[in-house]
Amino acid sequence: MADERALDEVVTFTSDLIRIDTTNRGGGDCRERPAAEYAAARLAEAGLEPVLLERTPGRANVVARLEGTDPSADALLVHGHLDVVPAEAADWSVHPFSGEVRDGVVWGRGAVDMKNMDAMILAVVRAWAREGVRPRRDIVIAFTADEEASAEDGSGFLADRHAHLFEGCTEGVSESGAFTFHDGDGRQLYPIAAGERGTAWMKLTARGRAGHGSKVNRENAVTRLAAAVTRIGEHEWPLRLTPTVRAALTELAAVYGIETDLSDVDTLLDKLGTAGKLVEATVRNSANPTMLDAGYKINVIPGEAVARVDGRYLSGAEDEFRATMDRLTGPDVDWEFEHHEVALQAPVDSPTYARMRAAIEEFAPEGHVVPYCMSGGTDAKQFSRLGITGYGFAPLKLPEGFDYQALFHGVDERVPVEALHFGVRVLDRFLRTA
């Protein structure tokens, strides 16, 4: 088991990484290198040989390999991103880049997304170096840039240009899984991510006839765009159940003693109550208009109007998504992908999933481990190009009332010290047996 020093280090590393401002504003406006150098130094102190890799100056990634005892075994990728989304200091109770530890809680941007997991990885590896522990299979550690934007400078760059560093890796673990989900009725669920919806960020362009705002214009680009955006926003997507979502519904129903009726999913979700929130966003495709841009003067009808839409699609449902977007946009509006990544599926009957479950159950025997599909996406999408099956496994034991999911990209992001300690113990247990 991880030693006491590891429990201290995970708190220190989380705080230190938060203090390194790696805000990713998109469009290349980010500099992860200081955080990458910090992580690389901690790995080097543990006897590893990390390499720093950049596609763009300042956008650094770190990769290191820890050799296992069984050279015939497949390797495991353990990865976390170093960048964070922006934070407006005036909105926070503490400065978002202070890394302050107050009342048993570490505060700051990245505390849950995902410098906490980065710190756990570092703490476990260093504990193993002190104990002389070697895992069964090779473990490749990757700290990436640019996950909060396109991943072009991060996991995409690594997968496309440095695939040799991940030789032998067949599975990977990263963020957004194995956290405590309190259902409000005393049950504690621990969802492990075994799938992700695909990413379909789109640009819609309506073109028409420019003219004076006082004249009749049946070819108004703004009107055409507004109509398309309204159709998209009001569209009711049909139910589509992937294997991961089916498994999630089946296992949740068993926890609650409810008959599993997958022919009436909406009713089943209602019966599951709060726990249904783990699934409800992933039983359908979705498309949410998020940005509008048109015109330059109130009395001028522009010849072009543009919108952005955040689309997500389930595994096996991309063709349906595309056809639906063609229909909803209509003949007067063109659409294209600005960022497009695949949907993912991971088996819930694999030995690796079983070992993740066992690690959680050892330290949270009162909990119920269930699979789920992420509504969003992670670096696992890019690493899937290398044939790596990805799981979401960043363990945290959270107190009731701690709204973990609301803190992703939210104000006053923070993580309890005890949650970090739990995470180190569970991650250590899993990686020793993986």
Side-chain angles (χ1 to χ4, degrees), residues 24-28 30 32 55-56 59 61 77 79-85 113-114 142-163 166 169-177 193-204 232 237 240 242-245 281-291 308-326 335-347 372-394 408-409:
N24 190 341
R25 297 175 181 83
C30 185
E32 293 93 347
R55 171 180 176 265
T56 304
R59 310 297 307 275
N61 303 269
L77 171 62
H79 59 103
H81 62 84
L82 297 169
D83 59 326
V84 298
V85 297
D113 186 18
M114 65 171 297
F143 296 115
T144 63
D146 204 25
E147 192 273 347
E148 296 291 3
S150 66
E152 291 178 358
D153 280 304
S155 57
F157 161 67
L158 294 177
D160 293 343
R161 300 269 294 276
H162 296 280
F166 305 93
C169 288
T170 57
E171 297 170 306
V173 297
S174 190
E175 62 181 317
S176 297
E196 300 181 7
R197 291 198 299 174
T199 304
W201 292 350
M202 296 168 286
K203 177 183 178 182
L204 275 58
I232 291 168
W237 293 87
R240 295 287 183 265
T242 65
T244 297
V245 173
T282 58
V283 297
R284 295 175 170 88
N285 293 338
S286 66
N288 287 308
T290 55
M291 299 174 69
R308 261 78 178 184
V309 175
D310 184 341
R312 310 284 172 150
Y313 62 90
L314 292 161
S315 180
E318 182 178 354
D319 288 345
E320 177 189 46
F321 182 89
R322 289 173 180 265
T324 302
M325 291 306 302
D326 286 342
W335 71 271
E336 62 184 318
F337 289 126
E338 285 198 324
H339 181 56
H340 176 226
E341 284 293 344
V342 297
L344 302 179
Q345 286 284 314
Y372 87 118
C373 177
M374 294 185 209
S375 60
T378 72
D379 278 335
K381 293 184 182 302
Q382 285 74 32
F383 287 123
S384 73
R385 301 173 193 170
L386 303 179
I388 298 173
T389 299
Y391 292 95
F393 187 78
F408 268 80
H409 301 189

Asks: What closest approach, in Å, do Ala149 and Gly26 show between heavy atoms, and which atom pair accounts for it?
Replies: CB-CA, 4.3 Å
Asks: Output yes when Glu341 and Arg385 qualify as a salt bridge under the 4.0 Å nitrogen-oxygen rule, no when they do not.
Replies: yes
Asks: State plainly whether the residues Arg308 and Asp310 are in salt-bridge range, i.e. N to O under 4.0 Å.
Replies: no
Asks: To the nearest 0.5 Å, how far apart are CG in Asp379 and CZ in Phe143?
Replies: 12.5 Å
Asks: Work out which heavy atom in His79 is nearest to a heavy atom in Ser174; give both atom names and the distance.
Replies: O-OG, 2.6 Å
Asks: Can you name the closest pair of heavy atoms from Asp146 and Glu152 and give their distance?
Replies: OD2-N, 3.0 Å
Asks: Roughly how far, to the nearest 0.5 Å, is the CG atom of Leu314 from the OG1 atom of Thr242?
Replies: 6.0 Å
Asks: Could you check if a side-chain atom of Pro243 sits within less than 4.5 angstrom of a side-chain atom of Gln345, using non-hydrogen atoms only?
Replies: yes
Asks: Decide yes or no for Phe166 and Leu158: does some side-chain heavy atom of the first lie under 4.5 Å from some side-chain heavy atom of the second?
Replies: yes
Asks: Does some side-chain heavy atom of Val342 sit less than 4.5 Å from a side-chain heavy atom of Ser384?
Replies: yes
Asks: Under a 4.5 Å cut-off applied to non-hydrogen side-chain atoms, are Phe337 and Arg322 in contact?
Replies: yes
Asks: Determine, stepwise, if the pair Thr282 / Thr244 fulfils side-chain contact (heavy atoms from CB on, under 4.5 Å).
Replies: CA-CA 10 Å; Thr282 58; Thr244 297; over 6 Å; no
Asks: Can you find a side-chain donor-acceptor pair between His340 and Glu318 that sits under 3.5 Å?
Replies: yes
Asks: Measure the shortest side-chain to side-chain distance between Trp201 and Ser150 over non-hydrogen atoms and say whether it is less than 4.5 angstrom.
Replies: no
Asks: Just how far is it from atom CE of Met202 to atom CD1 of Ile232, taken to the nearest 0.5 Å?
Replies: 6.0 Å
Asks: Which atom pair, heavy atoms only, marks the closest approach of Cys30 to Asp83?
Replies: SG-CB, 4.1 Å
Asks: Rounded at 0.5 Å granularity, tell me how far CG in Leu386 sits from OG1 in Thr170.
Replies: 12.0 Å
Asks: Within the 3.5 Å criterion, strictly below it, is a donor on His81 or Glu32 matched to an acceptor on the partner's side chain?
Replies: no
Asks: Do the non-hydrogen side-chain atoms of Phe408 and Ser176 ever get within less than 4.5 Å of each other?
Replies: yes
Asks: List the residues meeting ring-ring contact (aromatic ring centres under 6.0 Å, His included) with Trp237, not counting sequence neighbours, and say none if there are none.
Replies: His235, Phe321
Asks: Testing the basics here: between Tyr391 and Ala346, what is the closest heavy-atom pair and its distance to 0.1 Å?
Replies: CE2-CB, 3.6 Å
Asks: What's the shortest heavy-atom distance between Cys373 and Glu196, and which atoms?
Replies: SG-N, 3.7 Å
Asks: side-chain contact (heavy atoms from CB on, under 4.5 Å) for Met325 and Asn285? Distances and angles first, verdict last.
Replies: CA-CA 11 Å; Met325 291 306 302; Asn285 293 338; over 6 Å; no
Asks: Quick one, Glu147 with Gln382, criterion side-chain contact (heavy atoms from CB on, under 4.5 Å). Give me CA distance, side-chain angles, the key distance, then yes/no.
Replies: CA-CA 10 Å; Glu147 192 273 347; Gln382 285 74 32; over 6 Å; no
Asks: Would you say the side-chain atoms of Arg197 pair up with the backbone N or O of Ala281, donor to acceptor, closer than 3.5 Å?
Replies: yes
Asks: Output, in order, the C-alpha distance, side-chain angles, deciding distance and verdict of side-chain contact (heavy atoms from CB on, under 4.5 Å) for Arg240 and Glu320.
Replies: CA-CA 10 Å; Arg240 295 287 183 265; Glu320 177 189 46; 2.6 Å; yes
Asks: Can you tell me how far apart CG (Asp113) and OG1 (Thr378) are? Round to the nearest 0.5 Å.
Replies: 10.5 Å
Asks: Any chance you could measure Leu344, atom CG, to Thr199, atom OG1, to the nearest 0.5 Å?
Replies: 9.0 Å
